[in-house]
Protein chains: 2
Amino acid sequence: MDVPSHPMTAHVDCRGVSEILGRIGDKWTVLVVMSLNEQPRRFNDIKRRVGGISQQMLTRTLKMLERDGMVARDVRDTTPPQVEYRLTELGRSLADPVNQLGAWANANLAAINGNRTRYDMRNADAG
Amino acid sequence: MDVPSHPMTAHVDCRGVSEILGRIGDKWTVLVVMSLNEQPRRFNDIKRRVGGISQQMLTRTLKMLERDGMVARDVRDTTPPQVEYRLTELGRSLADPVNQLGAWANANLAAINGNRTRYDMRNADAG
DNA sequence: CAGAATCCACCAGGATACTG
DNA sequence: CAGTATCCTGGTGGATTCTG
C-alpha cells in the first residue's frame, strides 16, 4: 500500500491531511459536496448552485466523487434523462470537518486579508 | 478588496471554505504549518521534516504564510544567519480544523481507496 | 438534460545555478 | 545557512463543439 511519494509519512495524520487535500483541495470538489449536502440535486441544478463551474469540470468533479464513493448517481431512464446526484454516508461525513474549516475561514479571513494588505504595503516601498 | 470571482458567494461558509482552500489547499502549506505546530523551526529543519519539498517551494510557502500572518520570521543576525520560523496565534488556530480534517482522513482514506479500486475494476472491462 | 471530446492557457511546482 | 533567480514541464481548469 504505497502512497506514491507523499511527504512526512512518518507522521500519520500529516499524511492523511496531505492525502485528503490532494483529493478535495481542488477548486470545485468541496463546493459540489456542500451543495449536495443540502439535498440531492441534478446535474444542471448543481451547476447553477455552484456558480462559475464549467460543465466539463462539474463532470470531472462528480466522477471523481463517485469514484471515491462520496457521491451516488441515480439515473432515471426517461427522455430527457434525469440523473440525480446525492451524497453517500461517506460524503456526508466529510461535511463536518469541512464545515469546521469553513467556520475557521469565516472567523479569520478578514484578519488574513488585513495581514496581506499590511505585508504588501510594507514591502511595496521598503522592499 | 474584491475576491476575484469565487463561486457560491451567496452561501457564506461556502465562500469561506473555497477561499481558505485556495490559500492552504496547495501541496505544502499545511505540512509546513503542521511541522511548525510542533515547535518553531529553522529553514532547513523544516525542509528536512517536510520531506520532498524543494527549497524553492519552501521559500514560497513560508513567504505566503508570513504574508497571511500565519507564520512569524525571527532573524538572528549571526554568520551564518539563523532564521527561525514560528506559528503566530492565527497559524496555531488553523491547526484545529486541519487536525479535524486529518482525523477524518485517517478514518476514511482506506474506505476511499477501496471505493476507487472497485470503481476502476468495474469500469475497466464493463466500460 | 446530461454529458463526451477536443483544444488551449495558465501556473503550481520541480530542477538547477548562483549569492551574502 | 538561508535564501534568490531562471528555466521548464505537467496538470488543472476554462471554452467550445458535438451527441443521445
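Within every chain, numbering begins at 1; the chains are lettered A, B, ... in the order of the sequence lines, protein sequences first and strands thereafter.
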Taking only N/O atoms, report every protein-nucleotides 15-20 of chain D pair under 3.5 Å with atom names and distance.
from   : atom 1 : to      : atom 2 : distance (Å)
D:dA15 : N6     : A:Gln56 : NE2    : 3.4

Q: For B:Asp26, check side chain to side chain donor-acceptor pair (under 3.5 Å) against everything at least two apart and list the hits.
A: B:Thr29
Starting at [atom1] of [X], measure out to [atom2] of [Y] and round the result to the nearest 0.5 Å.
{"X": "A:Ile53", "Y": "A:Ser35", "atom1": "CD1", "atom2": "OG", "value": "9.0 Å"}
{"X": "B:Leu109", "Y": "A:Ile20", "atom1": "CG", "atom2": "CD1", "value": "5.0 Å"}
{"X": "B:Arg48", "Y": "B:Phe43", "atom1": "CZ", "atom2": "CZ", "value": "11.0 Å"}

Q: Look at B:Tyr85 and D:dG3 and indicate whether a side-chain polar atom (N or O) is within less than 4.0 Å of OP1 or OP2.
A: yes
Q. Hey, does B:Arg73 reach any base, or is it just sugar-phosphate, or nothing, if we go heavy atoms under 4.0 Å?
A. sugar-phosphate
Q: Have a look at B:Thr59 and say if it touches a base, only the backbone sugar-phosphate, or nothing, with a 4.0 Å heavy-atom cut-off.
A: base
Q: Check B:Asn123, B:Asp120, B:Asn115 against A:Arg67 for a side chain to side chain donor-acceptor pair (under 3.5 Å) and give me the one that passes.
A: B:Asp120
Q: May I have all residue pairs that pass salt bridge (Lys or Arg N to Asp or Glu O under 4.0 Å) and include part of residues 69-85 of chain B, sequence neighbours excluded?
A: B:Asp74-B:Arg86
Q | Pairs touching residues 99-109 of chain B that satisfy salt bridge (Lys or Arg N to Asp or Glu O under 4.0 Å), sequence neighbours left out | A | none
What integer distance in Å separates [X]:[atom1] from [N]:[atom2]?
{"X": "B:Lys27", "N": "D:dT12", "atom1": "NZ", "atom2": "C1'", "value": "14 Å"}
{"X": "B:Lys47", "N": "D:dA2", "atom1": "NZ", "atom2": "C1'", "value": "12 Å"}
{"X": "A:Asn123", "N": "D:dG3", "atom1": "CG", "atom2": "P", "value": "14 Å"}
{"X": "A:Ile53", "N": "D:dT12", "atom1": "CD1", "atom2": "P", "value": "14 Å"}
{"X": "B:Ile46", "N": "D:dA2", "atom1": "CD1", "atom2": "C1'", "value": "11 Å"}

Q.
One thing to verify: whether B:Glu19 and B:Arg15 come together as a salt bridge, which I'm taking to mean a side-chain N less than 4.0 angstrom from a carboxylate O.
A. no
By salt bridge (charged side-chain N to carboxylate O under 4.0 Å, His left out) - contacts of [X] (at least two apart):
{"X": "A:Arg41", "answer": "A:Glu38, A:Asp45"}
{"X": "A:Arg42", "answer": "none"}
{"X": "A:Arg116", "answer": "B:Asp68"}

Q: Could you tell me from which nucleotide to which nucleotide of DNA chain C, 5' to 3', there is an atom under 4.0 Å from chain B heavy atoms?
A: C:dG13 to C:dG20
Q.
Quick test of your reading: applying side-chain hydrogen bond (donor to acceptor under 3.5 Å, both in side chains), list the pairs with at least one residue in residues 90-99 of chain A, sequence neighbours left out, ordered by first then second residue.
A. A:Glu89-A:Arg92, A:Ser93-B:Trp104
Q. Which angle, to the nearest 10 degrees, lies between the helix axes at the two ends of the helix from C:dC1-D:dG20 to C:dG20-D:dC1, each defined by five pairs?
A. 40°
Q) With nearest nucleotides of DNA chain C determined for B:Met57 and A:Arg48 from heavy-atom distances, which residue corresponds to the more 5′ nucleotide? A) A:Arg48
Q.
Is there a path of hydrophobic side-chain contacts, each under 4.5 Å between heavy atoms of I/L/V/M/F/W/Y residues, joining B:Leu90 to B:Leu21?
A. yes
Review item, side-chain donor-acceptor pairs of residues 55-65 of chain A, under 3.5 Å, at least two apart:
from    : atom 1 : to      : atom 2 : distance (Å)
A:Thr59 : OG1    : A:Gln55 : O      : 2.9
A:Thr61 : OG1    : A:Met57 : O      : 2.6

Q) Of all of residues 61-69 of chain B, which get a heavy atom below 4.0 angstrom from DNA chain D, listed by number? A) B:Lys63
